[in-house]
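For reference, positions follow the sequence shown, starting with 1. This one's a predicted model, so the numbers in the text were calculated from it and none came from an experiment.
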Amino acid sequence: MNPINKLKIFNDPIYGFITIPNALIYDLIQHPYFQRLRRISQMGLSYLVYPGANHTRFHHALGCMHLMQKAVDVLRFKGVSISEEEENALYIAILLHDIGHGPFSHAMEKSIVEDVHHEAISLLFMNQLNQEFNGQLSLAIQVFKGEYHRKFMLQLISSQLDMDRMDYLKRDSFYSGVAEGNVNSERLIQMMNVVDDVLVIEEKGIYSVEKFLMSRRLMYWQAYLHKTSLVAELILTKTLKRAKELVLKGVQLPCSEPLLFFMQNRITLEDFDAQTLDLFSQLDDFDIISALKSWQRQDDFILSSLSKMIINRDLPKIKVASEKVVFDEIAPLQERFSVENNISISDSNYFIFKGKIKNQAYSKEAEPIRILKKDKTIEDVVEASDQLNLKSLSKLVTKYYICFPKQLV
C-alpha cells in the first residue's frame with residue numbers, strides 16, 4: 001500500500017484540520033485498541049447534565065496529538081533540538097496516553113476493575129502495541145514512564161500544564177457549553193520554551209497561565225464535579241458493585257462476555273496478561289449501557305432500581321455543603337428507606353450515602369509550572385504572579401455530600 005494514502009486529515013470542530021504526521025501514527029490510530037476510544041465518552045455521564053457532552057476519548061487523543069505538533073514546531077523555532085525520533089515518541093506517547101481508559105472509567109476503577117489505574121493499563125496496551133510494531137514504540141514508552149533524560153518531554157505529556165489538560169479543558173468546554181473552561185491553548189504553546197531540558201513559560205505568558213488555572217478550577221466545579229454528574233457516577237459505581245456481588249453469589253445476569261469476565265474475577269495489575277488485556281480492549285460504553293438496560297428488569301430490587309435511575313435519569317437527590325455530613329442525618333433516612341422497601345439497613349447504603357469531593361487547580365506538591373523571567377531567572381508561577389487568587393487556587397478545597405432518594409425529602 002502506498003504510504004501517501006496514510007497521511008490523512010481529520011476535521012476537528014475546535015482546531016480545524018488535524019494532520020496525521022506519518023504512516024506509523026496512522027497505523028496506530030487504525031488499530032482496534034485505539035478505535036475502541038470512539039466508543040468511550042470523554043466526560044462519562046456528564047451528558048445527563050450537558051446534552052452536548054457526547055464527545056469521545058478518540059476525539060480528545062487526536063486533539064492532544066495536534067497540540068503536541070504545535071508545541072514541537074514552537075520549541076524547534078526557539079532553537080530547542082528535537083530529533084525526528086524524539087518528535088515521533090512525543091506524538092505516540094500523547095496519542096496513547098488515555099488508551100487504558102475503560103468505559104465510564106472512574107466508576108469502573110472503583111467497582112469492577114478495582115485498584116488498577118487507567119495509566120497502568122495504558123502502559124500495558126503500549127507494550128503490547130510495541131511488540132506488534134516491532135519495537136517502534138520503545139522511546140515513546142520510555143518518555144511516558146519518565147525514564148528519558150530530557151525531562152521536558154514528559155512535562156509536555158503529563159504535568160500541570162500539559163497537552164492533555166489543554167485539550168480536555170478546551171474540548172469539554174466546547175461540547176458542554178461551559179464557556180468558563182475555554183483556554184487559549186494556542187497562546188500557551190507559543191509561550192513555551194525549554195531551559196536545561198525543563199519546560200518553562202516565558203514571563204509574558206503568565207496571564208495565560210493564570211487564566212488556564214482559573215478555567216481548570218471552574219470546569220471542575222461546573223462540569224466534572226457538577227452535583228448531577230457526580231451522583232450519576234456514584235450510582236453507576238454502586239450498580240456495578242451490586243452486579244458484581246450478585247454474579248459472585250452465582251446469580252446469572254445478562255451482559256457481554258468481557259463484562260462478565262471482569263465481574264466474575266478479581267483482577268489485579270499482576271493478573272493482566274495478554275488474554276485479560278484483550279478482553280479489556282473489548283469493553284466500551286455500550287457494554288455498560290446495554291447491561292443497565294437489561295438489569296432494569298432483574299428480580300433484585302437494588303440492581304433494578306439503580307439501573308433504572310441511570311437509564312431514565314431519575315437520580316437521587318444530592319446535597320453538597322462545606323461542612324461534614326454527620327451520621328445522625330443519614331441513620332434516620334436509612335431506617336425509613338429500609339422499612340418502606342423491605343431491605344436491610346446495610347442494603348440501604350446503596351441508596352443513601354455520604355462522601356467528599358476535592359478540587360485543587362494547582363498543586364504545590366507536584367511539579368511546578370515554571371515562569372522564565374526576563375532576567376533569565378526561573379520562578380514558580382505562584383511566586384511570579386501578582387495575582388493573589390493564584391495562592392487560593394493552590395489551596396485544596398473539600399466539599400461534603402449526602403445522597404438519598406427523592407421520596408425521602
Looking just at side-chain N and O atoms, do Gln35 and Arg38 make a donor-acceptor pair shorter than 3.5 Å? yes
Could you give me the CA-CA distance, side-chain angles and deciding distance for Phe174 and His55, then say whether ring pair (Phe, Tyr, Trp, His ring centres under 6.0 Å) is met? CA-CA 10 Å; Phe174 177 88; His55 55 302; 8.8 Å; no
Side chains of Asp167 and Tyr15: is there a donor and an acceptor less than 3.5 Å apart? yes
Short N-O contact, Lys406 and Asp314, less than 4.0 angstrom: yes
Inspect the surroundings of CG in Asp196 and state if more than 12 heavy atoms from other residues, nucleotides or ligands are less than 6.0 Å away. no
Distance-only polar pair, side chains of Asn184 and Tyr207, donor-acceptor under 3.5 Å: no
Show, in sequence, the C-alpha distance, side-chain angles and deciding distance for Asp162 and Ser159, and conclude whether the side-chain hydrogen bond (donor to acceptor under 3.5 Å, both in side chains) test is met. CA-CA 5 Å; Asp162 55 25; Ser159 67; 4.6 Å; no
Could you give me the CA-CA distance, side-chain angles and deciding distance for Phe301 and Phe351, then say whether ring pair (Phe, Tyr, Trp, His ring centres under 6.0 Å) is met? CA-CA 11 Å; Phe301 167 75; Phe351 302 91; 5.8 Å; yes
Do the side chains of Lys354 and Glu329 get close enough for a salt bridge, i.e. N-O under 4.0 angstrom? no
Lys70 NZ: over 12 foreign heavy atoms closer than 6.0 Å: no
Ring-plane angle category for His31 and Tyr33, please: parallel below 30°, perpendicular beyond 60°, tilted otherwise. tilted
Would you check if the side chain of Ser173 reaches a backbone N or O of Val178 as a donor-acceptor pair within less than 3.5 Å? yes
Are there more than 12 heavy atoms of other residues, nucleotides or ligands under 6.0 Å from atom CD of Glu186? no
Give a yes or no on whether the backbone of Asn193 and the side-chain of Glu202 come within a donor-acceptor separation of less than 3.5 Å. no
Does the side chain of Ser215 pick up a donor-acceptor pair with the side chain of Lys211 at under 3.5 Å? yes
Please determine, by modelled atom types, if Asp278 and Gln282 share a side-chain donor-acceptor pair under 3.5 angstrom. yes
Measure the acute angle between the ring planes of Phe280 and Phe125, then classify it against the limits of 30° and 60° as parallel, tilted or perpendicular. tilted
Within the 3.5 Å criterion, strictly below it, is a donor on Asn88 or Asn22 matched to an acceptor on the partner's side chain? yes
Considering only NZ, NE, NH1 and NH2 on the basic side and carboxylate oxygens on the acidic side, decide whether Arg171 and Asp12 come within less than 4.0 Å. yes
In plain terms, say whether Asp197 and Arg150 are close enough for a salt bridge, that is, a side-chain N and a carboxylate O under 4.0 Å apart. yes
Please determine, by modelled atom types, if Asp287 and Ser256 share a side-chain donor-acceptor pair under 3.5 angstrom. yes
Would you say Tyr148 and Glu86 are linked by a side-chain donor-acceptor pair, where the criterion is simply a distance under 3.5 Å? yes
